[in-house]
Amino acid sequence: MTNSNSLFFRALNKERLKTPPIWYMRQAGRYMPEYRAVRKKFNNFLDMCKNPDVCCELALQPINAFNLDAAILFSDILTIPDALGLGVNFVENEGPVFKNPINNSKDIDNLDLFDPDELQYVYQAVTNIKNSLSDNIPLIGFSGSPWTLAAYSIEGKSSKDFKKTLNFINKNNDKSHTFLNALTDACFLYLREQVKAGADVIQIFDSWANILDENRFNEFSMQYINKLTYALKNDKVTSKTPIILFSRDPKCSNQTLVKNSGADCLSLYWDMKDFDLNIARNKVSLQGNLDPRILLEPKDKIKYQTHKILDKFKDYPGYIFNLGHGITPDINPDNIKYLTEVVREY
Ligand code: 1CP
């Protein structure tokens, strides 16, 4: 059992803390030489995710290197589209490429029903990681948001503007909602299995919230995040599991994010500098907000910007230190070590 007195749980319980708990989005990844040494052994990134022992090793690497306050499952958000038969591959320097993306409404009619048992390899990884962590380090399980998973599945790859996806939802409104409902059910079943396997906290990544205008964000993204968190909060297995939402720069009001998401904690993108703390205070915990690119600067600049963030959140009840998006491969691990020290010494 994870100790509910851990720093991470205390912050999720909206306690005002002297030192915030620390973890980093993409804390396991290509910026670490230890990661690259393991990654070399696999051609396809998803093959590596399908090996629970390797996932366990990778999830522990940043915990051991930087003594962080929370671990995150090593996997990817695209395991669900892969289980739906869309054929996800990771191409060197290009990111994910789908063999069978959604091209028309018939492709949605013909989709396999999501079978949570197909992702046993993920739950096994959760259990392995959980068994290797000390009691005071909670484990975060995760999924993509229904909208972000739909965007990759329709686009068939990553994109700057997701033009094909935006066209598709304009032309196929009803079928898009059928697909989003199916993805919401899949995320619920998937996260529930992760909690059964040992995940203490859930994070939902809405990484492509930013490409929707306000109306479409509410219709295609927020509505389904709300359905998903509602289902999780009303299920015996997951009702007590804290939910963190990372919504990348959504074009909605702060009030909507706080009230409609159903999340216990909001993970703030680095560019959400004007987020109104007073709207969130005592309603949700907050996480993140530091621009990851600061980590490419000299140490004095890292310290200055980190202090600015810590000043901003120092009286906030329930702040978790993190970056405003993931660590990129070009960041020097020494700077992660330094950043962690700066936060703990503040
Ligand atoms: O070749 C490699 O080594 C692959 C790099 C990599 C890694 C390390 C990918 C491919 N995924 C991951 C792991 C991962 N992905 C984790 C666990 C590791 C950790 O955080 O410590 C998590 C939580 C994710 C989540 C994820 N995958 C997101 C949401 C977070 C975000 O960055 O917004 C997204 C959008 C993905 C898709 C994905 N997977 C991989 C890449 C390169 C991408 C992004 C593609 C794009 O730019 O659209």
Side-chain angles (χ1 to χ4, degrees), residues 8 11-16 20-21 23-25 70 72 77 140-151 162 166 169 177 180 183-184 187-188 191 201-234 238-239 241-292 309 312-313 315-326:
F8 191 53
L12 287 167
N13 279 327
K14 305 181 201 71
E15 258 187 63
R16 215 190 121 210
W23 75 281
Y24 301 112
M25 287 203 267
I72 182 161
I77 63 167
I140 305 165
F142 68 88
S143 79
S145 71
W147 162 250
T148 289
L149 296 182
F162 282 80
L166 294 175
I169 62 169
H177 284 294
L180 285 161
L183 287 168
T184 305
C187 290
F188 167 67
L191 290 169
V201 173
I202 286 167
Q203 179 150 327
I204 300 167
F205 289 96
D206 197 8
S207 302
W208 295 106
N210 60 316
I211 59 175
L212 296 169
D213 59 37
E214 184 165 8
N215 285 338
R216 289 204 282 185
F217 172 75
N218 285 321
E219 179 180 349
F220 293 98
S221 173
M222 184 51 89
Q223 180 184 180
Y224 294 97
I225 286 169
N226 179 279
K227 280 192 185 180
L228 176 57
T229 57
Y230 185 85
L232 291 166
K233 291 298 180 191
N234 285 284
T238 51
S239 62
T241 309
I243 302 171
I244 305 173
L245 171 64
F246 170 73
S247 184
R248 173 172 165 185
D249 212 7
K251 308 288 173 279
C252 69
S253 69
N254 295 172
Q255 192 84 23
T256 298
L257 260 188
V258 171
K259 276 181 73 179
N260 298 12
S261 68
D264 302 285
C265 175
L266 297 175
S267 193
L268 301 179
Y269 186 62
W270 60 266
D271 206 23
M272 290 164 75
K273 295 196 177 79
D274 302 326
F275 185 86
D276 186 347
L277 302 192
N278 288 325
I279 285 178
R281 193 178 301 275
N282 299 321
K283 296 197 176 72
V284 290
S285 303
L286 293 174
Q287 170 177 282
N289 212 200
L290 181 71
D291 186 346
I309 290 277
K312 176 167 158 187
F313 289 100
D315 293 320
Y316 190 84
Y319 176 64
I320 296 161
F321 189 80
N322 203 322
L323 305 171
H325 205 180

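Because the structure is predicted, anything quoted here is derived from the model rather than measured.
- Side-chain atoms of K251 and D213, non-hydrogen and from C-beta on, never get closer than 4.5 Å to each other.
- Residues in residues 273-285 take part in these salt bridge (charged side-chain N to carboxylate O under 4.0 Å, His left out) pairs, two or more places apart or across chains: D271-K273.
- Screening residues 254-263 for salt bridge (charged side-chain N to carboxylate O under 4.0 Å, His left out), with sequence neighbours left out, gives no hits.
- Using a 4.5 Å heavy-atom threshold, the side chains of M272 and D249 count as touching.
- Residue F188 comes nearest to A231 through the heavy atom pair CE1-O, 3.6 Å, listed as atom of the first residue, atom of the second, then distance.
- Put simply, the residue from Y269, F205, W270 that forms a ring-ring contact (aromatic ring centres under 6.0 Å, His included) with H325 is Y269.
- In plain terms, the two heavy atoms of K14 and S285 that are nearest each other are CG-OG, 3.6 Å.
- Using a 4.5 Å heavy-atom cutoff, the side chains of L266 and S261 are in contact.
- From C265, atom SG reaches atom CD1 of I202 across 13.0 Å, with rounding to the nearest 0.5 Å.
- Contact annotation: the side chain of S267 approaches that of M25 to within less than 4.5 Å [non-hydrogen atoms, C-beta and beyond].
- Ring geometry, H177 versus F220: the interplanar angle falls under 30°, so the pair is classed parallel (tilted spans 30 to 60°).
- Looking at S145 and Y224, their side chains never come closer than 4.5 Å, going by heavy atoms from C-beta outward.
- Here the shortest heavy-atom pairing between Y24 and N322 reads CA-OD1, 3.2 Å.
- By the 4.5 Å heavy-atom criterion applied to side chains, I169 and L212 are counted as neighbours.
- Of all the heavy atoms in P146 and L183, the pair that sits closest is O-CD1, 3.5 Å.
- Using a distance-only test at 3.5 Å, with no hydrogens or angles considered, a donor-acceptor pair links the side chain of T238 to the main chain of L232.
- Expressed to the nearest 0.5 Å, how far CH2 of W23 lies from CD1 of I140 amounts to 4.0 Å.
- Nearest approach of F246 to G324, heavy atoms of both residues: CE1-O, 3.5 Å.
- In terms of modelled atom types and a separation under 3.5 Å, the side chain of T229 and the main chain of N226 share a donor-acceptor contact.
- From I204, atom CD1 reaches atom CG of L245 across 6.0 Å, with rounding to the nearest 0.5 Å.
- With sequence neighbours left out, Q203 forms a side-chain hydrogen bond (donor to acceptor under 3.5 Å, both in side chains) with Q287.
- With values rounded to the nearest 0.5 angstrom, F321 atom CZ is found 5.0 Å from L290 atom CG.
- Between E219 and L180 the shortest side-chain heavy-atom distance does not fall below 4.5 Å.
- Contact between L191 and S143 at its shortest, heavy atoms only, is CD1-OG, 3.6 Å.
- By the 30° and 60° cut-offs, the orientation of the rings of Y319 relative to F313 is parallel.
- Using a 4.5 Å heavy-atom threshold, the side chains of K233 and I243 count as touching.
- The distance from atom CZ of F217 to atom CG of L257, rounded to the nearest 0.5 Å, is 5.5 Å.
- In this structure a side-chain-to-backbone donor-acceptor pair under 3.5 Å is missing from W208 to W147.
- Atoms OG1 and CG, on T241 and L12 in that order, are 11.0 Å from each other to the nearest 0.5 Å.
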